[in-house]
Amino acid sequence: MRFFFSKTKFVSVCNTCNKYAWLDKNHPDDKNPIDEYTEVLFENGHKVGDLAKEYFKIDVDVAVLDENGKPNLSSMLEETKKALSSDARVIAEASFEYDGLFCSVDILVKNDDGSYDINEVKSSKRDLENQKKRAGVKEKYIIDAAYQQYILERLGYKINNVYVVLLSDNYVRGKTLDLEQYFIPVPVTTFTTALQTMVKDKLTDVAAVLDEENEPTSVFNANCKNCDYFAFCSRNIPSPSVFDIYE
């Protein structure tokens, strides 16, 4: 089973441009390799994710890996269906597919009224500079959660609350780790709901780009230098250029 989009790819497109998705489809080998720092971030993220499963006291973890150690998406979809039809109330990595879109919810909680809460777990603290603007949650995290809400609601699930679960910015660990103080679930439902039209429009735009046979024209902006495909897109730019200027 193949999907053309995931929540990670959606956030990447929102942070860069629609061409990112086309390159992921047609030139995946030209993507910048993952550096050591990013590997460390991934590892820390996995550790925090495991702690979050303890914090939420999960009933079922539907994560399934294939023989290469990569997520087996088809199996995860099937395991999610089984978990949802059982008495499981808290599901880790609950996976869903809608019209070629795929997402795994870090922690999905079923409420007594049959509605669900989405919990997106991040291994970072509140963004204090945006404390008032977005409840201290980075915009990319809210976009991530909004994409998940989009898929689940179109599948007919009633979403009651959406949370981005961050790490406490003032907790000091003692001899043991107190998960109740370590994690801070930040409600972001107002923000993710307000982004639903944006998610729909962005996906429509990206779908059109993915259908193009030829490489889309590159229109460079301030975010390009940090894009995974910057080296590929800038291959025809003479050097030195404005991108060689360091602050």
Side-chain angles (χ1 to χ4, degrees), residues 6-12 14-15 34 37-65 69-71 73 76-77 79-80 83-84 88-96 101-111 115-128 130-131 134-153 157 159-171 173 176-193 195 199:
S6 65
K7 62 181 185 180
T8 300
K9 188 176 295 185
F10 183 74
V11 174
S12 296
C14 288
N15 286 338
I34 297 176
Y37 175 71
T38 303
E39 289 280 10
V40 171
L41 291 180
F42 284 155
E43 183 178 350
N44 289 340
H46 290 315
K47 291 179 180 178
V48 171
D50 289 339
L51 290 174
K53 293 174 185 178
E54 294 182 36
Y55 171 70
F56 281 96
K57 299 178 176 61
I58 64 168
D59 297 312
V60 181
D61 185 348
V62 303
V64 179
L65 301 180
K70 296 182 179 181
L73 306 187
M76 290 173 67
L77 289 170
E79 291 302 315
T80 298
L84 291 173
R89 191 184 72 85
V90 184
I91 306 172
E93 302 299 334
S95 301
F96 303 89
L101 308 174
F102 177 87
C103 77
S104 287
V105 180
D106 288 339
I107 305 291
L108 184 69
V109 178
K110 185 176 183 179
N111 301 305
S115 65
Y116 291 88
D117 291 345
I118 292 173
N119 293 273
E120 176 65 16
V121 181
K122 299 298 182 182
S123 57
S124 63
K125 300 177 181 180
R126 284 199 177 191
D127 181 7
L128 299 180
N130 292 302
Q131 184 72 29
R134 292 187 297 269
V137 179
K138 294 181 179 179
E139 183 179 28
K140 62 182 180 180
Y141 297 163
I142 294 177
I143 291 174
D144 189 328
Y147 172 81
Q148 297 173 52
Q149 181 180 347
Y150 178 87
I151 292 178
L152 268 67
E153 289 186 335
Y157 297 99
I159 303 303
N160 188 40
N161 293 299
V162 180
Y163 299 94
V164 172
V165 183
L166 301 175
L167 307 183
S168 172
D169 52 11
N170 56 21
Y171 170 60
R173 177 175 177 170
T176 59
L177 180 62
D178 186 344
L179 295 180
E180 293 295 330
Q181 296 187 56
Y182 186 62
F183 288 110
I184 300 177
V186 183
V188 296
T189 318
T190 300
F191 306 112
T192 58
T193 300
L195 287 177
V199 174

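Computation of the quantities below employed the complete heavy-atom set of this structure, encompassing side-chain atoms and omitting hydrogens, waters and symmetry-equivalent molecules.
V165 is not listed as a side-chain neighbour of I107, based on a closest heavy-atom distance of 4.5 Å or more. Here the side chains of C103 and F10 are not in contact, with every heavy-atom distance at 4.5 Å or above. Residues E54 and L179 meet the side-chain proximity criterion, which asks for heavy atoms closer than 4.5 Å. Taking 4.5 Å as the limit, every side-chain heavy atom of T80 sits out of range of all side-chain heavy atoms of L77. Looking at heavy atoms from C-beta onward, Y163 lies out of side-chain contact with V186 at the 4.5 angstrom threshold. Side-chain contact check for I91 versus V109: every heavy-atom pair is 4.5 Å or farther apart. Taking 4.5 Å as the limit, every side-chain heavy atom of V121 sits out of range of all side-chain heavy atoms of Y141. Proximity of D117 to V162: side-chain heavy atoms (C-beta onward) are nowhere separated by under 4.5 Å.
Take K110 and apply the salt bridge (charged side-chain N to carboxylate O under 4.0 Å, His left out) test, not counting sequence neighbours, and it matches no residue. With sequence neighbours excluded, the residues satisfying ring-ring contact (aromatic ring centres under 6.0 Å, His included) with F183 are Y55. In this structure E93 satisfies the salt bridge (charged side-chain N to carboxylate O under 4.0 Å, His left out) test with no other residue, sequence neighbours excluded.
At distances below 3.5 Å, at least one donor-acceptor pair connects side-chain atoms of D59 with backbone N or O atoms of R89. With S115 contributing its side chain and N111 its backbone, the two residues share no donor-acceptor pair below 3.5 Å. No donor-acceptor pair closer than 3.5 Å links the side chain of N119 to the backbone N or O of L108.
For the atom pair CD1 of I184 and CG of L166, the computed distance is 7.0 Å after rounding to the nearest 0.5 Å. Once rounded to the nearest 0.5 Å, the distance linking CG of L51 with CG of L177 reads 6.0 Å. Of the inter-residue distances, the one linking S168 atom OG with K125 atom NZ reads 7.5 Å to the nearest 0.5 angstrom. Note that the NZ atom of K140 and the SG atom of C14 stand 12.5 Å from one another [nearest 0.5 Å]. To the nearest 0.5 angstrom, L65 atom CG is 11.5 Å from K70 atom NZ. Put simply, OH on Y116 and OH on Y157 are 6.0 Å apart, with the number rounded to the nearest 0.5 Å.
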- Task: Tell me, with the steps shown, if D106 and K7 meet salt bridge (charged side-chain N to carboxylate O under 4.0 Å, His left out).
- Result: CA-CA 11 Å; D106 288 339; K7 62 181 185 180; 3.7 Å; yes
- Please test T193 against Q149 for side-chain contact (heavy atoms from CB on, under 4.5 Å), starting from the C-alpha separation and ending with a verdict. CA-CA 8 Å; T193 300; Q149 181 180 347; 3.3 Å; yes
- Steps toward side-chain contact (heavy atoms from CB on, under 4.5 Å) verdict (L73, S95): CA-CA 8 Å; L73 306 187; S95 301; over 6 Å; no
- Message: Could you walk me through whether V105 and F96 satisfy the side-chain contact (heavy atoms from CB on, under 4.5 Å) test, starting with their C-alpha distance in whole Å, then the side-chain angles of each, then the deciding distance to 0.1 Å, before giving a yes or no?
- Response: CA-CA 8 Å; V105 180; F96 303 89; 4.1 Å; yes
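What you find for V48 and S123 is that their closest heavy atoms are CG2-CB, 3.5 Å. Heavy-atom minimum distance, T192 versus I142: CG2-O, 3.7 Å. In terms of heavy atoms, V62 sits closest to M76 at O-CG, 3.4 Å. Of all heavy-atom pairs spanning V60 and A83, the tightest one is CG1-CB, 4.2 Å. Of all non-hydrogen atoms in V199 and A146, the two that sit nearest each other are CG2-CB, 4.1 Å.
No hydrogens or angles considered: nothing links the side chains of S6 and Y147 as a donor-acceptor pair under 3.5 Å.
Salt-bridge annotation for D144 and K122: present, with a side-chain N of the basic residue lying under 4.0 Å from a carboxylate O of the acidic one.
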